[in-house]
Amino acid sequence: MTSPFLSDLRAQGYVGEIGLRVCDLTGRELFALNPERVFPAASTIKVPLLILALAWAQAGRLDLESRVTLEATDRVSGAGVLHELGPGLALSWRDVLTLMIIVSDNTATNLVIGRLGVEAVNDWLTAHGWTETRLVGKLQLPPGQRNAAQLRGERNRTTAADQTDLLGRLVRGELLDAAHTALALDILERQQFRDLIGRGLPRAENGEHLYRLASKSGELDGVHHDVGVLYTPRPLVIALLTGGGTDRRELPGNRDVNLLSEALWPLLSALGKVYG
């Protein structure tokens with residue numbers, strides 16, 4: 001399918017790489033641009049972590065109301081709030097999962113990874129066919145705490161194809177029961193970083209967004225991702241992964257992110273319509 005999406009971006013000076021896939025809720029592909037291209041996962045790796053943790057909760061392997069104590073050694077830099085708080089805080093696993101998504105908390109993410117285990121996460125990904133998505137290890141660790149793969153320079157990775165398949169299967173109820181599916185989508189709907197897909201959400205006259213969005217963004221130097229379920233009249237499952245951006249400024253003033261959102265929304269608006 002040809003689209004002005006990429007040509008508009010290039011005309012505006014965006015030089016980065018792009019992987020984009022948009023599907024309907026049945027999994028039917030509506031648009032794709034390099035969907036199999038592998039990118040550093042950044043914080044989109046937190047989506048499979050959320051779903052697997054909830055699968056463990058559903059199976060009785062993880063009690064969402066049990067408490068985990070935050071230790072000083074757990075705290076890592078980057079996104080989130082837990083690294084700003086003192087040790088000894090007792091959080092429920094439900095709180096940990098929520099913080100991992102809604103403020104992209106890296107400390108919370110590492111608690112989840114420690115509970116699930118890297119090998120178990122990757123075995124689960126492989127079993128479901130998401131072979132290009134891999135968890136290498138915990139986030140933002142100092143060199144002395146990194147594992148061998150991280151010391152070799154390997155990074156958590158994913159593709160737009162894997163992300164849309166994962167989210168599509170989630171929203172169709174193929175990965176979790178109804179209660180845990182609803183919880184996963186509720187947490188994703190409360191994400192506070194909405195600078196890519198969420199930036200262009202149209203509003204009603206009263207200022208309310210016209211469409212719900214359950215999403216997770218991710219960011220590294222020159223890398224800007226957003227994946228989610230957008231409830232347009234024809235609901236869409238979207239994964240936009242990018243790399244090689246040249247604007248190193250923080251959000252929300254990052255020019256690359258603004259260009260990506262501006263180019264994406266005409267496409268989403270067209271694909272999200274119901275005809276006849």
Side-chain angles (χ1 to χ4, degrees), residues 41-125 127-128 130 133 135 137-141 145 156 158 163 166-194 198 212-218 227-229 231:
S43 287
T44 66
I45 198 66
K46 297 167 185 176
V47 177
L49 292 175
L50 171 68
I51 297 170
L52 179 56
L54 292 178
W56 279 31
Q58 178 179 314
R61 299 180 64 184
L62 177 67
D63 180 356
L64 293 179
E65 307 313 323
S66 67
R67 299 279 166 169
V68 55
T69 300
L70 178 68
E71 306 290 348
T73 53
D74 293 326
R75 296 177 299 183
V76 295
S77 61
V81 298
L82 290 181
H83 64 276
E84 302 288 354
L85 305 181
L89 180 66
L91 298 145
S92 72
W93 281 108
R94 184 188 300 269
D95 292 336
V96 172
L97 294 175
T98 300
L99 288 170
M100 177 177 72
I101 297 298
I102 70 170
V103 292
S104 207
D105 195 290
N106 288 334
T107 297
T109 304
N110 285 354
L111 291 173
V112 175
I113 294 171
R115 180 68 174 82
L116 300 176
V118 173
E119 185 175 353
V121 172
N122 288 326
D123 287 348
W124 179 79
L125 289 166
H128 287 82
W130 305 310
T133 299
L135 176 69
K138 292 182 177 180
L139 312 183
Q140 298 288 337
L141 293 178
Q145 296 180 29
N156 303 328
T158 195
Q163 288 284 341
L166 185 154
L167 285 167
R169 292 169 73 176
L170 170 69
V171 79
R172 289 193 297 272
E174 297 172 8
L175 301 177
L176 301 168
D177 64 21
H180 289 89
T181 296
L183 177 56
L185 291 170
D186 175 69
I187 292 172
L188 289 165
E189 281 193 42
R190 289 186 278 142
Q191 186 202 190
Q192 295 182 13
F193 302 117
R194 294 189 162 203
R212 292 162 45 218
L213 172 64
S215 65
K216 182 72 196 80
S217 61
V227 303
V229 181
Y231 293 91

Full working for side chain to side chain contact (heavy atoms under 4.5 Å, CB included) between Leu125 and Asn122 = CA-CA 5 Å; Leu125 289 166; Asn122 288 326; 3.7 Å; yes
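- Between Leu188 and Lys216, the shortest heavy-atom contact is CD2-CB, 4.2 Å.
- Ile187 approaches Ile101 most closely through the heavy-atom pair CG2-CB, 3.5 Å.
- In this structure the side chain of Leu185 reaches within 4.5 angstrom of the side chain of Leu170, judged on heavy atoms.
- Looking at heavy atoms from C-beta onward, Leu176 lies in side-chain contact with Ile51 at the 4.5 angstrom threshold.
- With a 4.5 Å cut-off on side-chain heavy atoms, Gln145 and Thr73 do not count as touching.
- For Glu65, the CD atom is densely surrounded, since the number of other residues' heavy atoms within 6.0 Å is greater than 12.
- The closest side-chain heavy-atom distance from Trp93 to Val68 is below 4.5 Å.
- Under the 3.5 Å distance criterion, with hydrogens and angles disregarded, no donor-acceptor pair is assigned to the side chains of Thr44 and Thr158.
- What you find for Asn106 and Lys46 is that their closest heavy atoms are OD1-NZ, 3.0 Å.
- The shortest side-chain heavy-atom distance between Leu54 and Leu64 falls under the 4.5 Å cut-off.
- Atom CZ of Arg67 is separated from atom CG of Leu89 by 8.5 Å, given to the nearest 0.5 angstrom.
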request  = Begin with the C-alpha distance, continue with both residues' side-chain angles, and end with the deciding distance and a verdict on side chain to side chain contact (heavy atoms under 4.5 Å, CB included) for Arg169 and His128.
outcome  = CA-CA 10 Å; Arg169 292 169 73 176; His128 287 82; 3.6 Å; yes
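- From Thr69, atom OG1 reaches atom CG of Asp74 across 9.5 Å, with rounding to the nearest 0.5 Å.
- To the nearest 0.5 Å, atom OG1 of residue Thr109 and atom CD1 of residue Ile45 are 10.0 Å apart.
- A side-chain donor-acceptor contact under 3.5 Å links Thr107 to the backbone of Val76.
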inquiry  = Let's go through Thr98 and Asp105 carefully: what are the C-alpha distance in whole Å and the side-chain angles of both, what is the deciding distance for side chain to side chain contact (heavy atoms under 4.5 Å, CB included) to 0.1 Å, and is it a yes or a no?
reply    = CA-CA 9 Å; Thr98 300; Asp105 195 290; over 6 Å; no
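- Residues Leu116 and Leu135 have side chains not in contact (no heavy-atom distance under 4.5 Å, counting atoms from C-beta outward).
- Residues Glu189 and Arg212 share a closest heavy-atom pair of OE2-NH2, 2.8 Å.
- The shortest distance between side-chain heavy atoms of Pro48 and Trp130 does not fall below 4.5 Å.
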query = Does the pair Val227 and Leu166 meet the rule for a side chain to side chain contact (heavy atoms under 4.5 Å, CB included), with working shown?
reply = CA-CA 10 Å; Val227 303; Leu166 185 154; over 6 Å; no
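- Considering every non-hydrogen atom in both Val103 and Ala79, the closest pair reads O-CB, 4.0 Å.
- Residues that satisfy the side chain to side chain donor-acceptor pair (under 3.5 Å) test with Asp95, not counting sequence neighbours, are Ser92.
- Annotation for Leu50 and Met100: closest pair N-CE, 3.6 Å, computed over non-hydrogen atoms.
- Looking only at side-chain heavy atoms (C-beta outward), Ile113 and Val121 stay at 4.5 Å or farther from each other.
- A distance of 15.5 Å separates CZ of Arg115 from CG of Asn110, quoted to the nearest 0.5 Å.
- In this structure, CG in Leu91 is found 11.0 Å from OG in Ser66, a value given to the nearest 0.5 Å.
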